Every structure is written in structure tokens, then in C-alpha cells.
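First comes the structure, then the notes that go with it.
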Amino acid sequence: MPAELPESYYLDNVLILFRHIETVYGDILDPTQSRFLQDFAGLPAASQRLVIRLLNRSGERFRCGKLEYPEIGPIAAALPALEQAGFIEIPTRPALAEVIPLFTRAELLKHHPQRKKLQSLKRPALNDQLIHDDDETYVRQLFAQEQFIRVLQQETYQIFQMMFFGNRNQSMTDFVLRDLGLQQYEPYCIDASSRPYTSQQEVQQHWQLYQIQQQLEHTEAADLNGWLDLFATIPQHLPRHSPLFGKSERLRLVIARQIERIGELDLALNLYSQCRLPPARERKARIYQRQRRFSTSLSICRDILDQPLEESETQFAIEFSARLARRHNLPPFPEHKISPTKKPQTIELTLPKSDQVEQAVVEHYQRQPGTHACYYLENSLFKGMLGLLLWDVIFAPVPGAFYHPFQYRPSDFYDFDFIAKRKSLVDQVFAQIHDIVDIWQIVQVRWQQKAGRMNPLVNWNALTLDIIEQALQRIDTAHWLVIFQRMLRDLRNHCSGFPDVLQLPAAGGYQLLEVKGPGDRLQKNQQRWMQFFAAHDIPHGVVKVCWQAEDGSKT
DNA sequence: ACCTCACACGCAGCA
DNA sequence: GCTAGCTGGG
DNA sequence: TGCTGCGTGTGACCCAGCTAG
Ligand SMILES: [Mn+2]
Ligand SMILES: [Mn+2]
């Protein structure tokens with residue numbers, strides 16, 4: 001039941017955002033930014049509204065006659081102040097290429113002398129043709145009665161939003177979604193002094209990283225120099241644990257990977273050496289193998305095993321080095337002579353074809369008299385339970401964690417030291433938990449208090465209190481706790497890969513089952529959970545599904 | 001939804 | 001006329 | 001042949017209206 005918004009909603013929101021920028025960033029605004037805010041404040045209301053309407057849209061050029069906003073009234077009256085203050089430009093004769101796309105096909109063809117001939121062209125070709133022709137009398141006729149405007153300051157407006165949100169993925173829409181009640185945020189405390197950027201340089205660097213990210217998408221796969229040029233523009237020497245560093249590393253890895261695909265292996269090795277984060281070392285080991293430099297490849301694996309950054313790195317180094325040694329008759333690492341990967345127990349089911357293989361398996365078990373209940377939960381169960389238990393830890397007012405009201409998680413949630421920073425709070429929660437009833441007490445209350453509010457671990461649509469209650473009745477306290485501990489060791493990498501299905505046999509107990517359709521296999525993170533379950537006597541297995549042959553036809 | 005990210009699927013390359 | 005895809009809007 | 005890696009597709013608020021084809 002969405003709430004109604006006041007007519008002035010978009011201006012209200014922008015004023016909140018601008019005010020926030022002024023208070024939080026007063027010391028680091030550049031002249032363009034300061035002037036924007038100052039000039040905007042001096043505009044009449046209708047002009048403020050219009051320019052925000054325009055800035056919130058995607059293009060920069062508009063036909064005035066096509067603009068209609070009842071809350072603004074006559075557009076023409078709002079324009080002079082905007083032109084005066086440098087928020088719009090009113091070109092006397094706009095470039096054809098810029099404005100032809102603003103017309104519909106019908107409008108373009110209506111008065112064209114050769115409309116019959118142009119009729120067959122597709123829209124992009126029609127644009128090109130008309131721009132190329134640049135027919136004086138046609139254009140004059142087309143532009144008669146038309147006034148064009150170009151909105152300026154788009155970039156500054158976008159930068160303000162980035163400065164407010166700390167990213168470019170959120171926007172003014174987030175205000176609306178919240179106010180409509182479509183998104184509920186936890187009302188955490190925002191430390192008045194905390195902000196995502198501490199200098200104009202950081203702002204510019206983050207902006208630049210987004211620009212590079214965009215350019216990556218427009219770079220031809222085989223354009224070696226294009227990729228290398230972009231790599232060279234990525235800011236270096238960013239602080240090791242800043243968000244900007246992470247983004248810069250990801251861009252470097254993407255480019256290095258592309259160079260690898262192109263086949264410039266030595267170049268790729270060089271680029272990977274400039275990356276600190278996984279999977280840089282894994283990629284290097286693979287490249288050395290391709291180059292048949294087996295001992296170098298093995299020594300990279302050695303490095304990884306000595307100082308792994310993630311469990312996935314360790315898993316890679318163990319399996320890859322063992323394979324390499326076996327295939328090429330080299331001495332394996334002594335500590336990994338015996339392959340530690342035990343395969344989980346697998347059962348096969350032949351089921352009638354359905355859309356979703358997981359759903360088919362759930363329905364199969366639900367039909368079995370030996371099954372009490374069966375749910376397709378994947379990551380939602382354990383993530384959700386942990387998120388509910390640690391609610392107050394996640395939203396604790398740690399300095400710098402929250403800087404605007406639209407965060408569904410603290411800014412440092414995936415940092416390696418997230419838990420360490422909140423250790424005493426985490427310990428307090430787990431100190432209260434001795435058995436299932438303790439978990440139920442906390443979770444059940446939390447569910448009532450917080451239902452629907454966003455939390456990085458809780459997917460409200462996938463769970464019900466009833467499912468949670470049943471899961472708690474079946475899964476041992478020790479199992480819950482040991483799974484939570486593993487998740488907390490690495491929130492980024494250990495909160496996925498859970499088995500698809502929770503099956504509750506009528507006889508008691510439970511099973512975590514990963515469903516595999518034909519041609520699907522356990523992923524790496526799923527394997528790691530299975531190994532972990534085996535080590536901790538947590539009942540688990542794989543269900544391999546074959547589709548039943550359809551009656552009559554089909555293979 | 002912040003640093004998109006889960007997951008399944010299907011093809012190709014390799015001992 | 002119909003519809004898929006996009007944009008704008010709350 | 002079986003194993004493995006790699007690349008890709010598909011979700012992500014929801015609706016109305018316009019446009020191209
Ligand atoms: Mn799954
Ligand atoms: Mn599965």
C-alpha cells in the first residue's frame with residue numbers, strides 16, 4: 001500500500017541532499033561545486049523544480065514544447081533564470097545530430113519531401129540520413145515552433161549524489177522508494193562527522209574509477225592497447241583498505257584477465273603482479289602452467305599456501321598443485337600428498353521435467369511419507385538467522401559505518417576487520433546462546449521488531465518464522481554455532497554456497513541437500529561447505545536429478 | 001543496495 | 001492493432 | 001571419457017505511456 005508523496009517531493013529530496021553536502025563537505029567543495037549550490041539556492045521555485053526535473057532525466061537536450069509538469073506551470077517562464085545562472089543553455093541553432101533523436105519518426109517524416117523513400121529506413125539509419133542531408137528548408141520547417149534547451153551541470157549534480165551516497169549505484173530514486181514504503185531502512189545513528197570521502201581528491205578518484213569502469217564496457221575485446229591504456233590510468237597507491245582500493249583492484253584484475261584472454265601471457269603476468277587481491281596469484285599460476293613453466297607455477301602455489309588471503313585461494317593451490325605435480329611427474333607438496341577432497345554422498349532421482357530443478361526436488365520430498373517438511377532456502381536460512389541474531393551488531397553506531405539514511409549495511413561490512421571491530425558486541429550475543437531456545441527467543445523477537453527492514457544477511461521473502469521454528473527444532477545448537485563461526489570468518493566469501501534444500505525427515509533430524517540438474521556440478525564454494533559439513537558431522541548430501549523421458553517423444 | 005552478485009547452464013580444452 | 005523495450009514517474 | 005575451466009544468462013519496486021517495428 002504505497003503512501004502518497006507531496007507534490008514537491010523531488011525538490012524536497014534534492015534540498016535535503018544539497019544541505020547534507022554543504023554541512024558535511026563544506027571544507028572540501030571545489031569552486032564549481034560551491035557555485036552550483038549557491039546559484040541553485042538563488043533560483044525561483046519554478047526554475048529550481050524544472051532544472052531538477054531535467055537533471056533527473058537521462059539526456060541533456062530537450063524540446064521545450066514536450067515538457068509538461070503541472071506543478072511547474074509554464075516552462076518558458078522558468079527558463080530565463082536558469083539561463084542566467086548557467087544551469088541551461090538555449091542554443092540559437094542546435095546541432096542536428098543532437099536534436100534529431102528528440103523527434104518521433106512520424107514527426108520527422110511528416111514534412112519531408114522524400115518521406116516515401118525514407119519510410120523504409122530503420123530509426124538509426126533515418127537519423128543518420130537526415131543529419132547527413134542537413135536540408136536547409138526541411139530543417140527550418142522541422143524547427144519552426146520548436147525551442148530547444150540543453151541542461152548543464154549534469155556532472156556536478158551526479159558528483160553530489162555520489163558524494164552523498166558514497167557510490168554511483170544509488171540515486172534520488174532511493175528517497176522515493178523509501179518514502180513510498182517500498183524499502184525500509186533500519187533507523188541507525190548517523191555520526192554527524194562521518195562521510196564517505198575526506199578530500200576532493202578522493203571524490204575525484206572515485207569518480208575516475210567509475211569513468212574507467214564505463215570505458216571498459218566500450219573497449220573492443222581485441223584492443224590490446226586500449227586495455228593497456230586504461231590500466232595505466234587506474235589510480236595507484238590507494239590506501240590498502242579503502243573502498244577505492246578495492247574498486248581499483250577489481251578494474252586491474254578485469255583488464256589483466258582480458259589481456260590474458262587475448263593471449264599476451266607475459267604482459268598479463270606483469271599486470272597481475274601489480275594486483276594484490278585474489279585471484280591474481282591463481283591467474284599467474286595458471287599462466288605459468290600454460291607456458292609450461294611448471295616449477296614457477298608451483299612456487300606461486302607455495303606462496304599462496306604460505307599466506308592465503310581466502311579459503312578459495314588455499315583450495316585452488318592444493319588442488320591445482322596436486323594436479324600439476326601428478327600430470328608432469330613432479331614432487332607434490334608433502335603436506336598435501338593425500339587428496340583431502342572427499343566427495344559428498346550423492347543420491348540420484350528421476351523426476352518429471354519442471355521449470356526449476358530445486359522446486360522439483362522439494363515437491364518430490366514433500367510427496368514422500370518419510371518427509372515431514374522440505375524447503376528450498378539456499379543461502380537464506382543461515383544468512384537470515386545470523387542476520388537476525390546479530391542485528392544490533394550490524395547496525396551498531398561504529399564511527400564511519402553510516403553516513404546517509406539509505407544504507408542497508410554498514411560501509412565496512414565486508415572489511416576483514418568488521419567483526420574484530422565489534423568483537424565485544426558479537427561475544428555478548430553468543431554468550432547468551434546456550435541452546436536452541438536461546439536462539440529462538442532472540443530471533444523471534446527480532447523478527448517481530450524488524451520484519452521487512454533491510455539487512456545485508458536477511459532475505460525476508462525467503463523465510464517465515466514457521467520455517468525458522470522448524471529448522472531450530474531439528475538442527476543442533478552446535479551445528480548452528482559452528483556454521484555461524486565459519487560465516488563470520490569471511491562475510492564476503494562464506495555467506496554463499498549453502499545447499500539448496502533443507503529436508504526434515506518424519507523420523508527426526510535434518511539434511512542439507514544440494515540439488516544438481518543434468519550437467520550441473522558442485523561449485524567451489526559449495527564444495528567447501530560440503531567439506532565443512534563432513535568435518536563437523538552435519539548431515540548433508542547431493543541430489544542428482546535426471547529428467548523423466550516425456551511420454552511418447554523427446555530423448 | 002554502497003565493492004552488483006547469486007546461481008545454473010552449456011561449451012571447449014585437456015590428460 | 002499488437003507488443004517488446006525503454007523512459008519517466010511516484 | 002571425465003574432469004575442469006570459462007563465458008554467459010537471469011534476477012533484482014512496479015506501473016503507465018510512448019515508440020519502433
Ligand atoms: Mn542453488
Ligand atoms: Mn543446486
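Here is how names work: the chains are called A, B, and so on, in the same order as the sequence lines, proteins then strands, and each is numbered from 1. Bear in mind that the values here come from a model prediction, so they are computed numbers and not experimental data. Values reported hereafter were calculated over all heavy atoms of this structure, with side chains retained and with hydrogens, waters and symmetry mates removed.
Aromatic pair W529(A)/F532(A): ring centres closer than 6.0 Å. Under the 6.0 Å cut-off for aromatic ring centres, Y185(A) and F402(A) do not qualify, their centroids lying 6.0 Å or more apart.
Residue pairs that meet the salt bridge (charged side-chain N to carboxylate O under 4.0 Å, His left out) test with at least one member in residues 287-297 of chain A, sequence neighbours left out, are D266(A)-R293(A).
The separation of dT19(D) from dG1(C), taken at their C1' atoms, amounts to 14 Å, rounded to a whole angstrom. The P atoms of dC3(B) and dA12(D) are separated by 22 Å, rounded to the nearest whole Å. With C1' as the reference atom, dT8(D) and dG8(C) are 30 Å apart, rounded to whole Å.
At least one cation-pi condition fails for R61(A) and F148(A): the charged atom is not both under 6.0 angstrom from the six-membered ring centre and inside a 45 degree cone around its axis. Judged by the 6.0 Å distance and 45° axis criteria, R57(A) is not positioned over the aromatic ring of F62(A). Remark: K247(A) is positioned above the aromatic ring of Y210(A), its terminal NZ or CZ atom under 6.0 angstrom from the ring centre and at most 45 degrees off the axis.
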Next on the checklist: So if I define the base as every atom that isn't primed, P, OP1 or OP2, how would nucleotides 8-21 of chain D read as a B/S/- string at a heavy-atom cutoff under 4.0 Å?
Outcome noted: -----B-----SSS

Checklist outcome for this item: In 5'-to-3' order, the base (B), backbone-only (S) or no-contact (-) status of each nucleotide in nucleotides 6-11 of chain B, using a 4.0 angstrom heavy-atom cut-off, is SSBS--

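If you take CZ of R57(A) and C1' of dG9(C), they are 10 Å apart, rounded to a whole angstrom. For the pair W207(A) CH2 and dC2(B) C1', the interatomic distance rounds to 15 Å; values are reported in whole Å.
For the residue pair Q258(A) and W227(A), the shortest heavy atom distance occurs at CG-CE2, 3.2 Å.
Residue K524(A) is in sugar-phosphate contact alone, with no base atom involved, counting any heavy-atom pair closer than 4.0 Å across all strands shown. Q213(A) comes within contact range of the sugar-phosphate backbone alone, with a heavy-atom separation under 4.0 Å but no base atom that close. Residue-level contact check: F175(A) touches neither bases nor backbone, having no heavy atom under 4.0 Å from any strand. Nucleic acid contact class of R290(A) (heavy atoms, under 4.0 Å, all strands): none. Looking at heavy-atom distances under 4.0 Å, R326(A) makes no contact with the nucleic acid at all. Residue contacts for G246(A): at a heavy-atom cut-off of 4.0 Å it reaches no nucleic acid atom on any strand shown. Nucleic acid contact class of H206(A) (heavy atoms, under 4.0 Å, all strands): sugar-phosphate only. At a threshold of 4.0 angstrom between heavy atoms, the contacts of R178(A) with the nucleic acid are absent.
Set against dC3(D), dA1(B), dC3(B), the side chain of K343(A) has dC3(D) as its closest nucleotide. Distances from the side chain of R261(A) to the nucleotides dG7(D), dC2(B), dA15(B) place dG7(D) closest.
Within the 4.5 Å cutoff, the side chain of R195(A) has no heavy atoms near those of the E202(A) side chain.
Salt-bridge formation is not detected for the pair R528(A)/E311(A): no Lys NZ or Arg NE/NH1/NH2 atom is positioned less than 4.0 Å from an Asp or Glu carboxylate oxygen.
At least one donor-acceptor pair closer than 3.5 Å links the side chain of D191(A) to the backbone N or O of S193(A).
Comparing R327(A) and F165(A), the nucleotide of DNA chain B nearest to each residue sits closer to the 5' end for F165(A).
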